[in-house]
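These figures come from a predicted structure and were not determined experimentally.
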Amino acid sequence: MGYHADLLERHREVIPNWVSLYYDRPIALTEGSGRHVIDGEGNRYLDFFGGILVSMIGHASPKVVSAIKDQADRLLHTSTLYLIEAQIELAEQISELSGIPDAKVFFANSGTEANDTALMLATRYRSSNQVLAIRGSYHGKSHSAMSVTGNSAWSGTSFSPFQVTYVHGGYKLRSPFGHLPDQEFTARCVEDLRELLDIAVTGAPAALIAEPIQGVGGFITPPDGFFGELKQVLDEIGTLFISDEVQTGWGRSGENFWGYQAHGITPDLITFAKGLGNGMAIGGVVGRRVVMDSYSALGISTFGGNPMAASAALATLEVLLDDDLQTNALKRGNQLMNGLNHLADDFPEIVEVRGKGLMVGVELADPATGRPDTHRTGRILEEAKNEGLLIGKGGLYGNVLRIAPPLSVTEDECEEGLTMLEAAIIRAHDSP
């Protein structure tokens, strides 16, 4: 029995069966550098998924590794019961970068915890347990985050601490309004929101929580300005806007530092996580001071914004900003989109290529019927791994390839990745 087969057998004995694994023969990643990783049996891969968009500036970034080692030599842990200089410095930077005037920041350990906190603050501030969410969304695996997740594959219980109403998002391909031009499509979604507010809620909901580009949903990318139009309706009734930037933040979309900036709005709260620590667990909420200060009970975080994670995040931001990785995300994202659009011309099962920057989704379906092709998507994922390329998979029906390399990916690596992906698509296209 090989290393991976033995590890899989042990995994199945002690890990719940609902913890998903990629591939027919799952692999363990044991080393990484830049945009490449090595598995437990010595195979090398070009990583175009980065631990689900976490290794934002590349694996084993020297500055991040150095910051972690330096902090570990001095102190591994304290808590928010004590002043933490690195946490305060990080909060100062994020407050300034957020675009929210006079903002405050609370740190947690993940995007799930960040969304939990934002929902708690919004419902407390507005004295309402009614929440609006977007169809096809994903916001985490806790009880409250799952209850605002509009994707049945990731929603494991119908119990909820909120009364949730799901509104139309920006997924044009399968929308009843999808045949309309962007401006008319947005107008119809706004009209639908107004109707839902008339028939599905009592009073004003506390908040709308939305991903500017849906991640797990398959990198669903709404028309620019879409959420700005929705927010005009929300502003009329005082409903807050929570921008879930766990995947879209830190310049990944290329065009903007935050996903919300494509929509001409300023959110009340922004949630963040994933790439900020470049592998260290850190997330949080940044928002308007009056909302952030509205919680009246005692509160701490044992691990959120701890010295190790905050030090790693400061180093990550330094590399991100000094090396202008947002601009690189824009250039390399355009390169990948161009290459994938050429592939779509040759393979009719690719029905849509979408995204911004280094968030690229490739949706597969039967070209005659439009039915989602989940099987072929899975085969491409497998064949890409066999070629030496790691990508992700998502979408409501599991029929979308998710391509999201570290923001430091090079032009040559993008060409290499496109070549490997083309070979994978050809083999999946030719197989039954």
Side-chain angles (χ1 to χ4, degrees), residues 32-37 45-59 61 64 97 111 138 170 211-222 224 243-262 272-279 316-317 319-344 352-363 381 384 389-395 400-422:
S33 178
R35 276 70 54 194
H36 290 86
V37 291
Y45 305 92
L46 180 60
D47 186 1
F48 271 23
F49 204 40
I52 319 180
L53 290 75
V54 167
S55 300
M56 181 168 66
I57 62 174
H59 296 281
S61 167
V64 176
L97 290 167
Y138 175 84
E211 304 158 272
I213 297 175
Q214 287 184 354
V216 172
F219 291 154
I220 302 299
T221 308
D224 285 355
S243 189
D244 179 344
E245 303 269 359
V246 170
Q247 296 197 32
T248 52
W250 319 114
R252 179 165 284 279
S253 71
E255 293 179 359
N256 298 291
F257 194 77
W258 301 101
Y260 80 77
Q261 291 169 322
F272 57 84
K274 287 198 181 287
L276 177 61
N278 204 53
T316 299
L317 280 181
V319 174
L320 178 78
L321 298 172
D322 288 353
D323 294 353
D324 192 14
L325 295 187
Q326 179 183 333
T327 296
N328 190 62
L330 178 63
K331 291 178 179 178
R332 301 286 71 81
N334 288 338
Q335 179 186 356
L336 288 173
M337 289 284 283
N338 288 336
L340 290 166
N341 279 318
H342 284 305
L343 289 179
E352 186 168 70
V353 177
R354 58 176 177 257
K356 286 187 176 186
L358 293 175
M359 298 183 74
V360 182
V362 180
E363 180 151 350
L381 189 79
L389 177 69
L390 302 184
I391 56 177
K393 183 178 71 169
V400 181
L401 302 173
R402 297 175 65 200
I403 301 168
L407 306 193
S408 55
V409 69
T410 68
E411 182 177 1
D412 288 345
E413 288 166 343
C414 285
E415 285 304 314
E416 181 185 5
L418 286 167
T419 299
M420 289 190 282
L421 185 58
E422 180 177 12

## Note on the structure
So OG of Ser408 and CG of Asp323: to nearest 0.5 Å the spacing works out to 8.5 Å

### Message
Cation-pi check for Phe219 against Arg354: NZ or CZ below 6.0 Å from the six-membered ring centre and within 45 degrees of the axis, yes or no?
### Response
no

#### Entry: Residue pair Arg402 / Gly215: nearest heavy atoms and the distance that separates them
NE-O, 3.1 Å

### Message
Holding to salt bridge (Lys or Arg N to Asp or Glu O under 4.0 Å), I want the full list of residues that pass it with Glu255, two or more places apart in sequence or in another chain.
### Response
Lys356

### Message
Show the nearest heavy-atom pair for residues Val54 and Gly51, with the distance to one decimal.
### Response
CG2-O, 3.2 Å

#### Entry: Distance-minimising heavy-atom pair for Gly249 and Trp258
CA-CE3, 3.9 Å

### Message
Ignoring hydrogens, what is the shortest heavy-atom contact between Leu418 and Gly339? Give both atom names and the distance.
### Response
CD1-CA, 4.0 Å

### Task
Locate the shortest heavy-atom distance separating Pro222 from Gly170; write the atom from each residue and the value.
CB-CA, 3.6 Å

### Query
Are Ile220 and Ile213 close enough that some pair of their side-chain heavy atoms sits under 4.5 Å apart?
no

### Query
Are Trp250 and Leu317 side-chain neighbours, meaning at least one heavy-atom pair lies under 4.5 Å?
yes

### Side chain Glu422, main chain Thr419, donor-acceptor under 3.5 Å
no

N/O donor-acceptor pairs under 3.5 Å from side chains in residues 272-279, not counting sequence neighbours:
unit_1 : atom_1 : unit_2 : atom_2 : d
Lys274 : NZ     : Ile52  : O      : 3.3
Asn278 : OD1    : Met56  : N      : 2.8
Asn278 : OD1    : Ile57  : N      : 2.9
Asn278 : ND2    : Gly58  : O      : 3.0

### Query
Hey, are Ser253 and Asn256 close enough side-chain-wise for a donor-acceptor pair under 3.5 Å?
no

### Query
Do the side chains of Gln326 and Leu330 get nearer than 4.5 Å, heavy atoms only?
no

### Query
Within the distance-only criterion (no hydrogens, no angle test), does the side chain of Gln247 pair as donor or acceptor with the backbone N or O of Gln214 below 3.5 angstrom?
no

### Query
Just by modelled atom types, is the Thr410 backbone N or O under 3.5 Å from a matching donor or acceptor in the Glu413 side chain?
yes

### Task
Check step by step if side chain to side chain contact (heavy atoms under 4.5 Å, CB included) holds for Ile403 and Leu340.
CA-CA 11 Å; Ile403 301 168; Leu340 290 166; 3.8 Å; yes

### Query
Out of Val360, Leu390, Leu389, which one pairs with Phe48 under the side chain to side chain contact (heavy atoms under 4.5 Å, CB included) rule?
Leu389

### Task
Taking all heavy atoms of Ala329 and all of Leu407, pick out the closest pair and write down the distance.
CB-CD2, 4.2 Å

### Task
Please check if any side-chain donor atom of Asp47 sits under 3.5 Å from a side-chain acceptor atom of His59, or the reverse.
yes

### Query
Passes side chain to side chain contact (heavy atoms under 4.5 Å, CB included), Gln335 versus Glu415? Steps please.
CA-CA 8 Å; Gln335 179 186 356; Glu415 285 304 314; 2.9 Å; yes

### Task
For the pair Cys414 and Val409, evaluate side chain to side chain contact (heavy atoms under 4.5 Å, CB included) and give the outcome as yes or no after the intermediate values.
CA-CA 7 Å; Cys414 285; Val409 69; 3.9 Å; yes

### Query
What's the spacing between Leu336 CG and Lys331 NZ if we round to 0.5 Å?
14.5 Å

#### Entry: Point-to-point distance, once rounded to the nearest 0.5 Å, from CD of Glu245 to OG1 of Thr248
3.5 Å

### Task
Supply the atom-to-atom distance Met420 CE to Leu46 CG, rounded to the nearest 0.5 angstrom.
4.5 Å

